[in-house]
Amino acid sequence: MAELKTVGKPARKKDAMNLLLGKPAFVEDVTPRDCLVVKILRSPHAHALIRSINTDIAMKVPGMVAIYTYKDVPNKRFTTAGQTYPEPSPHDRLILDQRVRFVGDAVAILAGETEKAVRKAMKLIKVDYEVLPAVLDPHTAKDNPVLVHPEDNWEALCPVGADNQRNLCASETCADGDVETVLADCDVVIDHVWHTKPCQQAMMETFRTYTEIDPFGRLHVISSTQIVFHVRRILALALDIPKSKIHVEKPRIGGGFGAKQSVVAEIYPAFVTWKTGRPARLVYTRQECQIAGSPRHEMEVHVRLGADNSGKIRALDVFTLSNTGAYSEHGPTTVGLSGHKSIPLYTGGLEAFRFGYDVVYTNVQAAGAYRGYGATQGIFAVESAVNELADRLGVDPVKLREQNMVRQGMTMPAYYNEPANACALDRCMARCKEIFDWDAKFPVRDMGNGKVRAAGVAMAMQGSGISGVDVGSATVKLSDDGFYNLTIGAADMGTGCDTILAQMVAECMDCDLDNVAVFGADSDASPYDSGSYASSTTYVTGKAVEKACTQLKEQLCALAADALGCEPGDVEFAGKAVRCLDGRGEISLADLAVKSQCANTTAVQATASHSSPISPPPFMVGMAEIELDKETGSVTVLDYKAVVDCGTPVNPNLARIQTEGGIVQGIGMALFEDVTYDAKGRIIEDSLMQYKIPTRLDMGHLQVEFESSYEPTGPFGAKSIGEIVINTPSPAIAQAVFRATGLWFRELPITPEKILMGLQAKGK
């Protein structure tokens, strides 16, 4: 392969300087301030029917324009999950419903001239609730006499095992080989349940949307979203209006991490604007994000792992109980990753596997998409089980993994029988062991003063888009002076996809990165793209960019041949010009751009789409060193080393900061981020004062390296990196805590209180 000039090289993000200087970029910066303020009245009850709702006094507040209740909205159920149609998530929502299903569920939409007026009116709305028994425990949800969704117009569009009469959002089992027979023949069986909480994405920019009616009478939506095309479709369904009446675009996004793969906020101001004809804006408070957002699914993962005394892992049986909360968003799809992205890591010697799950409805905040998307929960459980096996056998957990891990060329039965065409997991492990100094740090070290240092390891895999489903598209055109416009439907949410896709154009068209201008995402102007989720953009949309550039070069050669008086086959594209193969002449790109705009019938614009039948996994190894204080139970992460195989890193700088950010989120999930409910189903951690996310002081020293493989189906050999990076900290830190204390903690987060109480109980 020829030496790459732009791809594989560090490049500054295209929007970095303007963001650094605080230039207008986000929804509130780039939309008019003269608009209606929209707020939501929320339920104080986990489960109730609205007997009556009186808004008369509230509407007398000066400045109030409208208050809408369940009586004012279409009776058409939908899902807010931004997934390719037909949605796997059952249609179980109304814009407003007479039945409220969690503390924080929407009861009324208020719109007024000022925030002060709306807040005052909200206090004057009188609601009479019939409080109903609530299903708060996912263990008792299935076949509970109390139904979260008893309505007749609940609908599951896909056969995911959903049954609203059983509180089931999804259910399935798959297997290969006879798990029970193999487990019965194993020398060692690890059998435990691991529990993860519904963590919040805690992105800096909360959910927010601005809506207006454009000059053509269409609903124009400007939103902080990862999924402009899905927003258009979901709004059309919810509002019961044609999709052609809706135009969605996104400005810069101040973080999403999957939260904005659901239509959390868009529906309410859109409804107000459609009813009143006036511009409107809704901005969620941090508290609303905490109690009515779209957090990670709470999961309990039961793992039975069977092995020989030699360390060969022969069988894995994984069952996941996932709590989707009050609504179905992403429930049927997240759960699959808990098994399909954890079991295949041990393809090396596996004789049998089984993976089953139930996803249940309960009367708590509905869950959604969060970076890692179910793989995070499953990998915490399976990797912890492998670490327990290593301890039981008295072997080095690194050597145990080297003995059993998936390697290049293997077919992965538990990963839909996809091949590991590009797999550098073995090299990731070897390199991570080297830079971490594993042999020196794995032994437990007593530092005196009650402090102990210990280490842990974990490995992970993810995917690159949803195989056979996701579509990425790109339009590339030649413009004045010979620069290129790249138009995409994928949403850059701080990940840098605008930059790396532009790097691919620069590589294909042999030009400088500054000669590529990027636009997106806009449902009117961009070519269709499923959206920025499922780690799809680099792999799927990147391939579309490659295809579009190939087509554009053919068009440019045809146009140049006409200008040079020869056949298209007699010229070649040469970056800044198209030249005759025989050396008789050339025409510059700038001159071609001029020619394309005068008496021309050859397009100099190409649009290409791409979808992949496979989803090549990136792989990663992470190692953590902690210091644990036995007097207080506190854990300090001293050092975290990670080595990632993402195929070809398109922009190593951006890949590195993606990895560092994901590791920090994983550290937060492992040690700090807790969600607890009171007896009535109210979330206690409803602000960042109670819900603790890690700061720079909590992450210790991070070092990230890459071991490149070459994925033949990816653009320039690339795979994804966005999600895998969050998956290793939890099991690695849990193992380190075990090494320091002799106690396995199987529920996250592992807080000082749990450690101290565990040590005290052990001492007694």
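These numbers come from a predicted model, not from an experiment.
Every residue was checked against the salt bridge (charged side-chain N to carboxylate O under 4.0 Å, His left out) condition with Glu249, not counting sequence neighbours, and none meets it. With sequence neighbours excluded, no residue forms a salt bridge (charged side-chain N to carboxylate O under 4.0 Å, His left out) with Asp29. For His340, the ring-ring contact (aromatic ring centres under 6.0 Å, His included) criterion is met by Phe355, Tyr416, not counting sequence neighbours. Partners of Arg12 under the salt bridge (charged side-chain N to carboxylate O under 4.0 Å, His left out) rule, at least two apart in sequence or in another chain, do not exist in this structure. For Thr538, the side chain to side chain donor-acceptor pair (under 3.5 Å) test picks out no residue, with sequence neighbours left out. Lys245 is linked by a salt bridge (charged side-chain N to carboxylate O under 4.0 Å, His left out) to nothing, counting only residues two or more places apart in sequence or in another chain.
A salt bridge links Arg427 with Glu707: at least one charged nitrogen is closer than 4.0 Å to a carboxylate oxygen. Electrostatic pairing of Glu705 and Arg656 does not count as a salt bridge here, judged by no charged N lying under 4.0 Å from a carboxylate O. Classification of Arg252 and Asp498 as a salt-bridged pair holds, one side-chain N sitting under 4.0 Å from a carboxylate O. Look at Lys9 and Glu3 and you find a salt bridge, because one of the NZ, NE, NH1 or NH2 atoms lies within 4.0 Å of a carboxylate O, short of that distance. The residues Asp510 and Lys5 are annotated as salt-bridged, a charged nitrogen and a carboxylate oxygen being separated by less than 4.0 angstrom. With respect to Lys250 and Asp492, no salt bridge is recorded, no charged nitrogen being found less than 4.0 Å from a carboxylate O.
Counting heavy atoms of neighbouring residues, nucleotides and ligands inside a 6.0 Å radius, atom CD of Glu567 does not exceed 12 of them. With a 6.0 Å radius and a threshold of 12 heavy atoms from other residues, nucleotides or ligands, Lys433 has its NZ atom above the threshold. By the 6.0 Å contact criterion, NZ on Lys576 is open, its count of non-hydrogen atoms from other residues, nucleotides or ligands being 12 or less. No more than 12 heavy-atom neighbours from other residues, nucleotides or ligands sit within 6.0 angstrom of CG on Asp34.
When only modelled atom types and interatomic distance are considered, Ser609 and Ser473 share a side-chain donor-acceptor pair under 3.5 Å. Between the side chains of Gln83 and Thr333, at least one donor-acceptor pair of N or O atoms lies under 3.5 Å. Between the side chains of Tyr533 and His230, at least one donor N or O lies within less than 3.5 Å of an accepting N or O.
Not less than 6.0 angstrom separates the ring centroid of Phe216 from the ring centroid of His247.
Test Arg218, Arg232, His220 against Asp524 for side-chain hydrogen bond (donor to acceptor under 3.5 Å, both in side chains) and you get one pass: Arg218. Test Thr728, Asn727, Thr334 against Thr376 for side-chain hydrogen bond (donor to acceptor under 3.5 Å, both in side chains) and you get one pass: Asn727.
The two residues Ile246 and Ser523 make their nearest non-hydrogen contact at O-OG, 4.3 Å.
Note that the CD1 atom of Ile724 and the CD atom of Gln658 stand 12.0 Å from one another [nearest 0.5 Å]. Atom-to-atom distance recorded for Thr347:OG1 and Arg407:CZ is 12.0 Å, nearest 0.5 angstrom.
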Assess the residue pair Thr31 and Arg281 against the criterion (side-chain hydrogen bond (donor to acceptor under 3.5 Å, both in side chains)); give the C-alpha distance rounded to whole Å, side-chain angles, the decisive distance to 0.1 Å, and a yes or no. CA-CA 9 Å; Thr31 54; Arg281 182 191 284 115; 2.7 Å; yes
Carefully, step by step, assess Glu711 and Lys543 under the rule salt bridge (charged side-chain N to carboxylate O under 4.0 Å, His left out). CA-CA 12 Å; Glu711 173 50 52; Lys543 201 67 180 176; over 6 Å; no
Applying side-chain contact (heavy atoms from CB on, under 4.5 Å) to Thr659 and Phe706, what does each step give before you reach the verdict? CA-CA 10 Å; Thr659 308; Phe706 300 96; 4.2 Å; yes
